Amino acid sequence: MQGSSIWQPQGRESVTPAKLDWRALERKWQKKWDWRKIHETDSDSRRPKYYVTAAYPYPNSPQHIGHARTYTIADVNARYHRMRGYNTLFPMGFHYTGSPLFAMAKRLREGDPEIVEAFTRIYGIPRSMQEKLKDPKSMASYFRDDIKKGMVEIGLSIDWRREFTTIDPLYSRYIEWHFRTLNQKGLITRGTHPVAWCPNDKSPVGVVDTQGDVEPEIGDSYLVKFEKDGVFYPTSTLRPETVFGVTNLWVNPKATYVRATVNEESWVISRETVGKLQHQNHKVVVEREIPAGELLWNTVRNPVTGNDFPIFPGSFVDPDNGTGVVMSVPGHAPYDYQALIDLKERYAGSAEAGPILQATNPISIIRLEGFSDFPAKDQIKKFEVKDQNDPRLEPATQELYSREFHDGVMRENTGSYSGMPVAKAREAIVQELTRQGKIETLLELRNAPVVCRCGTKCLVHILENQWFINYGDLEWKKLAHKCLDQLVILPEEIRAEFNYTLDWLRERACARTVGLGTKLPWDPSWTIEALSDSVVYMAYYILSKYFAKDWVVFKKFEKDTSELPDAFFNFTLLGEGAIDGVAKETGVPKRILSAIRTEFEYFYPVDMRHSARELVSNHLSFYIFHHSTLFPERQWPKGIVANGFVLMEGAKMSKSLQNIIPLRQGIARFGADPVRVGVLATAELGQDTDFSEGLAASIQQRLAILIGQARRLGAKKTAGKSKTSILDRWMISRLSIAVLTATNALDRLRVREAINIILYQLDNDAAWYKRRLGPRKPRSDNRDRILRRVLETRTRMMAPLAPHTAEEIWSRIGNKGFVVQSDWPEEVENERDPKAELAEALVRQLLDDTSEILKATGMTPKRIAYFTAADWKWQVYLKALKAAGEKNRQGDFIKEIMGDPLLRSLGKNAADYASKALKQANQMPDEMRQSRLQDGITAEKTIFANAADFYQREFKSPINVWKEGDTGISDPKDRARMSEPYRPAIYLE
RNA sequence: GCGGGGGUUGCCAAGACAGGUCAAAGGCGCAGGGCUCAGGACCCUGUCCCGUAGGGGUUCGUGGGUUCAAAUCCCACCCCCCGCACCA
């Protein structure tokens, strides 16, 4: 273990940390760990187990620094528990399911500049390699390999024997079992469901499938059907209640319309509407095309009022929005109002159209506080709209719609809805018109146009016979809640989010027609989608080890998975069925079956599931749901931890900002441990954390300094003196407290706090210790022995966080074996030394007070004298502490004090001090009062006298220490009188 | 809209659940000093304002309130971030 190779040649005796070759150091220890297989974990009934899992990665791009956060936290947790004596399992797999791999490969094939740029510029993948990635599976295996290397390089303590992908035949077989079991429990349902759809790809589109990553929003709109001679003119609207205020219809004069039979009715709609209706399962037969001109100026009948009115040209009408036929409510819709004005102007001189237009005027049907009868007109003025194509119409409309919806009231001319709030009236009118067959609903993309990556405009499609997992099942919800209630959630604040999600989840589509994955066992035309096949795979890690290890036995199932019956899973995972029967049915030897069963029973449930915060509302909640129904209560998950994002130099990482550091590049540049600590050090769990090069560099320095310390101390044990000083005891006491708080912090995965204590806090203590000791005097103190002790304990605590550095230090200070396999230090009660702590606190306080006086006065001391409080003051002080606890009144207290003959002899002095002491005691927090009471009279004079040479060094001045009332005291300004317990008087000259 | 999280002293970030020891940890940055040939690193000191005696004043998004005492508890308001489904 002579690691001189990790130092580059310039190293020499003076430690120059920047010269450390981190990669060599890391590789050295990773090799040794690997050689000794220390991360391979099997069941061991003699030891308690701990099972950690983290969300497996999706290999459609390399991982970056951000991904490292979840995995590093999981690894810290795993390593910490190993050192606490738990037989700890931390496995990893790869998620291939779904279409993102296809999508990514496709974008690469098509030369999508964003992707090519990212792969080339950010990830540094050579062009020649990119060729190979154009095939989805090659891409997956390439990135899988890259991600795995990254995980090894950053030092994750993973048992790689259990690795798998979600398209392995036996994994698919497992998911089939999973879904069949859910189905048997009645939790799979079938139904009809609207989705955003690309008619070209014939597939649903989500946010990742659209140009510009737009999330398609689906919403209902209403089709109010106007009529003329048995022909219907369905108009699309979000505000059916305004039908009372309709004065005309609009059609786009440049658009083409069709007459079509829709569900046995004759409709007039835009040409673009036909496809939309068909995708929503309407039967549409087009009879003929109608140019818009043919429709203009005709009249139609209002289905509610029965009035006839004309159809006008409106250039603002989008034939692709709704039906391309729009009802006009100029009193309350700014677009309509403006269009009417434009039209009147344009046809002012027309003998034909002029009169009709002049007769068309806004109708007021909604009363709205703060607006005139025609709010649309008010808005046009307010937003200074120029014409019907003015973009300011949009916000004008938005604002008015929302105001009217929330605060508007229907007027007298709206029949039975008169006096109703608008929101209520809308509901009522929809109900009534639906009954009369005068209204229908149309699903629309609210944020149209949404364009698929293939370039096609998306629309809403109703998928028939879609398969769902029914999270709405009430019994299931109850189970899930019960499971959640007994889960440890870190950070605890996100529990509310879980509760909300469990309540809110209902049917969720669980299968798609495209993408990689497992076919639905009873309907192979569907593939189980990615968020549904990834919720119980933690159990599969137990199986996968045996699938690999007993390869010969399981090989035949890989060729034909149907040979592996559900009985196998029911037995190994649920303990159902008799082993003999299962062995016979499967041909798997009993020995193996029972080994799997034993191992499963041993490791399950998962003790801590690590994931990112944004998965709370889907993956992690599904995880709870599925486990609660699939497994018995004793095998329900025990804990979930969800961490926030990693920011890069304060900004969100994004391909466009080019501020992504790929993990492996980061490791190469900064080293594994600096990256590990870097993603953990600046924020607590739930918070977003910020990574920066500066941070990584500074952590690297810090770690190198510790290695340097180890180097200086060397492997040889130093004898030191057997008798420890109070200062030595203080240092050990501080160490003991550090162990205690770091342990508490890691128990709750407060990793940031642990790093703070272990890497920084202890440095400050050690620095104080050395400063107090002063210049090194060989053989006269214990410093090397104590500092070695501190470093050794500290190294063990560093091991989960920065394992490579810890190993290096561990070996350099002469320890055998791996520090990562050593025991986590325990706080030793009798090493806590409150007296030493108190003494040092006093020494420090006096140092600060003296400095402050020097600073305020600007003087350079020729002599410094400290006067500690007289014994009688201590007596009064302690009595005051007691009295404050008992809520004594001031007067009574002073009387009591003056009852003491000795104190009475001191006269006013004693009374004054008594009143001051009581006041202080009353303001003190309870805890402090108690501890001071317990400490009793402190030997301040001794403490300060012992520190005299320290003060002398610090202030470069002679120091005298007296107790108030000592004989021979030199106190020209009579300052000793001002001394108080815990607050010696100071005299400077 | 619904739900969740947050706004702290130049920046980042603890503290808040359990109100007093909080002008408020720690890190970064900045300034001065030590060490050094020098730079870096390291160590010390300072870093809201005032102050020739360890003190005083004003601060924790804004405005109120409770309390002997509020960054912390209560109410109202303003602002920022995240999740909301067929997408991993």
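Chain naming here is simple, since letters A, B, ... match the order of the sequence lines and numbering starts at 1 in each. Predicted model, so just to flag it, every value in this text is computed and none were measured.
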Next on the checklist: Looking at Glu840(A) and Arg734(A), is any side-chain nitrogen of the basic one under 4.0 Å from a carboxylate oxygen of the acidic one?
Outcome noted: no

Item to check | First of Arg613(A) and Thr689(A) reached from the 5' end of RNA chain B, by closest nucleotide | outcome: Arg613(A)

Next on the checklist: Mind checking if His95(A) touches a base, just sugar-phosphate, or nothing, with heavy atoms under 4.0 Å?
Outcome noted: sugar-phosphate

Item to check | Nearest listed nucleotide, side chain of Asp849(A), among A88(B), G54(B), U45(B) | outcome: G54(B)

Next on the checklist: What's the gap between A71(B) and C60(B) when it is taken at their P atoms, as a whole Å value?
Outcome noted: 7 Å

Next on the checklist: From C-beta outward on Tyr987(A), which listed nucleotide comes closest to its side chain: G51(B), A53(B), G15(B)?
Outcome noted: A53(B)

Next on the checklist: Would you measure the distance from the C1' atom in A24(B) across to the matching atom in U58(B) and give it in whole Å?
Outcome noted: 14 Å

Checklist outcome for this item: Partner of A53(B) under the Watson-Crick or G-U wobble criteria, both distances under 3.5 Å, comes out as none

Checklist entry - Relative to each other, are the rings of His461(A) and His279(A) parallel, tilted or perpendicular (30° and 60° limits)? => result perpendicular

Checklist outcome for this item: Among A53(B), G20(B), A85(B), the one nearest any side-chain atom of Ile986(A) is A53(B)

Checklist entry - Base, sugar-phosphate alone, or nothing: which one does Leu463(A) contact when heavy atoms must sit under 4.0 Å apart? => result nothing

Checklist entry - Arg750(A) has a side chain; which of G15(B), A88(B), G51(B) sits nearest to it? => result G15(B)

Checklist entry - Within the structure shown, what part of the strands sits under 4.0 Å from Tyr500(A) by heavy-atom distance: base, sugar-phosphate, or nothing? => result base

Checklist entry - What does A71(B) pair with, Watson-Crick or G-U, if both distances are under 3.5 Å? => result none

Next on the checklist: Under 4.0 Å, counting only non-hydrogen atoms across every strand here, what does Val205(A) touch: a base, just sugar-phosphate, or nothing?
Outcome noted: sugar-phosphate

Next on the checklist: Among G54(B), A88(B), G5(B), which nucleotide has an atom closest to any side-chain atom of Ile853(A)?
Outcome noted: G54(B)

Checklist entry - When you check the phosphate oxygens OP1 and OP2 of G54(B), does a side-chain N or O of Lys855(A) lie under 4.0 Å from one of them? => result no

Checklist outcome for this item: note: Lys919(A), atom NZ; G20(B), atom P; distance rounded to Å ~ 20 Å

Checklist entry - Is G83(B) paired to anything, Watson-Crick or G-U wobble with both distances less than 3.5 Å, and if yes, which nucleotide? => result C2(B)

Next on the checklist: Side chain of Arg975(A) only, heavy atoms from C-beta on: which candidate in A53(B), G83(B), A88(B) is closest?
Outcome noted: A53(B)

Item to check | Atom pair distance, as rounded to whole Å: CG in Leu531(A) and P in A85(B) | outcome: 13 Å

Next on the checklist: Regarding Pro925(A), tell me which of base, sugar-phosphate or nothing describes its non-hydrogen contacts under 4.0 Å with the strands shown.
Outcome noted: base

Checklist entry - Atom CZ of Arg506(A) to atom P of C84(B): distance rounded to whole Å? => result 13 Å

Checklist entry - If we call it a pair only when both distances are under 3.5 Å in a Watson-Crick or G-U wobble match, what pairs with C11(B)? => result G27(B)

Checklist outcome for this item: In whole angstroms, the gap separating P of G33(B) from CZ of Phe955(A) amounts to 20 Å

Checklist entry - What integer number of Å spans the C1' atoms of G57(B) and G61(B)? => result 23 Å

Item to check | Sugar-phosphate, base or nothing in reach of Lys652(A), heavy atoms under 4.0 Å | outcome: sugar-phosphate

Checklist entry - Arg702(A) side chain N/O closer than 4.0 Å to the phosphate oxygens (OP1, OP2) of C28(B)? => result no

Checklist outcome for this item: Between Ala496(A) and Trp504(A), whichever has its closest RNA chain B nucleotide further toward 5' is Ala496(A)

Next on the checklist: So Arg772(A), base contact, sugar-phosphate only, or nothing? Heavy-atom distance under 4.0 Å.
Outcome noted: nothing

Checklist entry - Among A14(B), C44(B), G26(B), which is the nearest nucleotide to the side chain of Tyr760(A)? => result G26(B)

Checklist entry - Counting any heavy atom closer than 4.0 Å, what does Ala681(A) reach on the DNA or RNA strands: base, sugar-phosphate only, or nothing? => result nothing

Item to check | Side chain of Tyr58(A) - closest among C42(B), A88(B), G26(B) | outcome: A88(B)

Checklist entry - With a non-hydrogen cut-off below 4.0 angstrom, is Glu507(A) in contact with a base, only sugar-phosphate, or nothing? => result base

Checklist entry - To the nearest Å, how far apart are Lys956(A) NZ and U45(B) C1'? => result 12 Å

Item to check | Sugar-phosphate, base or nothing in reach of Asn756(A), heavy atoms under 4.0 Å | outcome: base

Next on the checklist: By the 4.0 Å heavy-atom rule, please label Glu529(A) as base, sugar-phosphate, or nothing.
Outcome noted: sugar-phosphate

Item to check | Closest to side chain of Glu684(A), choosing from A14(B), A85(B), G5(B) | outcome: A14(B)

Item to check | Phosphate-side-chain proximity, Arg983(A) and G55(B), N/O vs OP1/OP2 below 4.0 Å | outcome: yes

Checklist outcome for this item: From CD of Glu852(A) across to P of A53(B) the rounded distance in Å is 11 Å

Next on the checklist: Classify Pro984(A) by what it touches in the nucleic acid, base, sugar-phosphate, or nothing, heavy-atom distance under 4.0 Å.
Outcome noted: base

Checklist entry - Asp690(A) has an atom CG; how far is it from atom P of C28(B), in whole Å? => result 14 Å

Next on the checklist: Looking only at the side chain of Ser617(A) (C-beta and beyond, no hydrogens), which of the listed nucleotides G51(B), A25(B), G83(B) gets closest?
Outcome noted: G83(B)

Item to check | Arg239(A) to Tyr401(A) six-membered ring, cation-pi geometry met (6.0 Å, 45°) | outcome: yes

Item to check | Counter-base of U36(B), judged by Watson-Crick or G-U geometry with both distances under 3.5 Å | outcome: none

Checklist entry - If you measure from the Lys or Arg side-chain nitrogens to the Asp or Glu carboxylate oxygens, is any gap between Asp765(A) and Arg794(A) under 4.0 Å? => result no

Item to check | Positive for salt bridge (charged side-chain N to carboxylate O under 4.0 Å, His left out) with Arg495(A), one of Glu492(A), Glu497(A), Glu493(A) | outcome: Glu492(A)

Checklist entry - Say you pick atom P in A14(B) and the same atom in G27(B); how far apart are they, in whole Å? => result 15 Å

Checklist entry - Should the ring pair His64(A) and His67(A) be called parallel, tilted or perpendicular, given that the plane angle runs from 0 to 90° and is split at 30 and 60? => result tilted

Next on the checklist: Taking C81(B) as the reference, what is the distance to A76(B) when you measure between their C1' atoms (whole Å, please)?
Outcome noted: 22 Å

Item to check | C17(B) and G10(B), which share atom name C1', separated by this distance in whole Å | outcome: 31 Å

Checklist outcome for this item: From CE of Met978(A) across to P of G54(B) the rounded distance in Å is 8 Å

Checklist entry - Is there a donor-acceptor pair closer than 3.5 Å between any side-chain N or O of Ser621(A) and the backbone N or O of Val616(A)? => result yes

Checklist entry - Is a side-chain N or O of Arg929(A) found less than 3.5 angstrom from the main chain of Ala921(A), in a donor-acceptor match? => result yes

Item to check | Rounded C1' spacing from A53(B) to G20(B) in Å | outcome: 26 Å

Checklist entry - Salt bridge or not for Glu954(A) and Arg771(A), using N-O below 4.0 Å? => result yes

Checklist entry - When you check the phosphate oxygens OP1 and OP2 of C43(B), does a side-chain N or O of Arg953(A) lie under 4.0 Å from one of them? => result no

Checklist entry - Considering only the C1' atoms, how many Å lie between C80(B) and U8(B), rounded to the nearest integer? => result 15 Å

Item to check | Side-chain touch Val843(A)/Trp768(A), heavy atoms, less than 4.5 angstrom | outcome: yes

